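Since the structure is predicted, the reported quantities are computational estimates derived from the model, not experimental observations. The figures that follow rest on heavy atoms only: side chains count, while hydrogens, waters and symmetry mates do not. Atoms within each ligand, like the ligands themselves, are counted from 1 in listed order.
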Amino acid sequence: MEFTIQKSKIRIVKGDITEQTTDAIVNAANRSLLGGGGVDGAIHRKGGPKILEECRQMHTGQWSGGLPTGKAVITTGGDLPSKYVIHTVGPVWQGGKQNEARLLAEAYANSLRVAAAKGLRTIAFPSISTGAYGYPLEKAATVALKAVGEALKEQSSIAEVVFVLFSEKALKIYVNKSREFFTSD
Ligand code: ADP
């Protein structure tokens with residue numbers, strides 16, 4: 001499934017984000033930046049120790065208290081096919097009244113900002129917060145697609161954003177939601 005937002009493209013695919021060959025892949029990290037389960041674990045396992053070392057340096061540097069929810073930082077991609085990893089922290093779902101939607105939108109927008117600042121043109125996202133952090137998939141898909149659509153209107157330097165969904169269920173939800181927002185090619 002593919003959509004065009006001005007000069008940029010949004011693609012929605014099923015797959016494993018660690019296999020993507022985009023300029024950067026986005027990691028749904030936790031505040032510590034020191035690795036975890038889910039997509040975070042998969043990225044560090046495949047990317048090797050270099051990514052973790054760069055994260056550790058950040059943890060002792062600017063983000064010594066941990067990376068706040070909604071913010072994003074960039075490291076190299078280590079042994080991954082993508083050159084960079086953008087680490088962002090999505091919100092933990094707490095019922096929907098703790099600014100979760102705003103924070104999730106910020107995680108997407110800030111990741112794209114970091115990518116654009118580095119001159120990157122193609123970025124792959126997982127479905128942030130919808131694993132261990134418990135954000136309901138349908139709600140998360142709405143926020144993610146809207147946030148990326150809006151960011152692409154401002155950041156025309158980014159040529160392509162790929163949503164890489166890990167399950168058939170997530171894929172279907174993102175495809176259906178995207179039809180509500182965008183007109184397909
Ligand atoms: P969070 O803590 O932000 O919820 P998780 O990693 O637990 O992050 O889950 C986020 C989403 O990433 C989930 O929908 C999960 O199914 C998906 N996921 C897990 N592993 C991968 C992978 N290798 N590639 C793409 N998506 C993945």
N or O pair under 3.5 Å between [X] and ligand 1:
{"X": "Tyr133", "value": "yes"}
{"X": "Val39", "value": "yes"}
{"X": "Ala132", "value": "yes"}
{"X": "Ile17", "value": "yes"}
{"X": "Thr18", "value": "no"}

In the protein, what heavy atom is nearest to [atom], and what distance, to one decimal place, separates them?
{"atom": "atom 23 (N) of ligand 1", "result": "Asp16 OD1, 2.9 Å"}
{"atom": "atom 16 (O) of ligand 1", "result": "Phe166 CB, 3.8 Å"}
{"atom": "atom 3 (O) of ligand 1", "result": "Ser129 N, 2.9 Å"}
{"atom": "atom 13 (C) of ligand 1", "result": "Thr130 OG1, 3.5 Å"}

Are a donor atom and an acceptor atom from the side chains of Tyr84 and Thr76 found within less than 3.5 Å of each other?
no
Answer yes or no: is there a side-chain heavy-atom contact under 4.5 Å between [X] and [Y]?
{"X": "Val73", "Y": "Leu33", "value": "yes"}
{"X": "Ile17", "Y": "Phe166", "value": "no"}
{"X": "Phe125", "Y": "Ser111", "value": "yes"}
{"X": "Phe163", "Y": "Leu171", "value": "no"}

The reported gap from CG in Leu112 to CD1 in Ile86 (rounded to nearest 0.5 angstrom) is 7.5 Å
Between Glu19 and Lys46, is there a side-chain N and carboxylate O pair less than 4.0 Å apart?
yes
| field | Pair Glu53 + Arg56, salt bridge at N-O below 4.0 Å | value | yes
Counting from 1 in the order shown, the ligand 1 atoms closer than 4.0 Å to a non-hydrogen atom of Ala28 are 3 (O), 8 (O)
The atoms of ligand 1 lying under 4.0 Å from a heavy atom of Gly131, numbered in the order shown, are 4 (O), 5 (P), 7 (O), 9 (O), 10 (C), 13 (C)
Residue pairs passing the salt bridge (Lys or Arg N to Asp or Glu O under 4.0 Å) test with at least one member in residues 117-139, sequence neighbours excluded, are Glu138-Lys177
| query | Within less than 4.0 angstrom of ligand 1, does Ala170 place any heavy atom? | reply | no
Checklist entry - Hey, does Ser127 sit under 4.0 Å from ligand 1 if you only count heavy atoms? => result yes
Is_contact(atom 25 (C) of ligand 1), protein non-hydrogen, under 4.0 Å:
yes
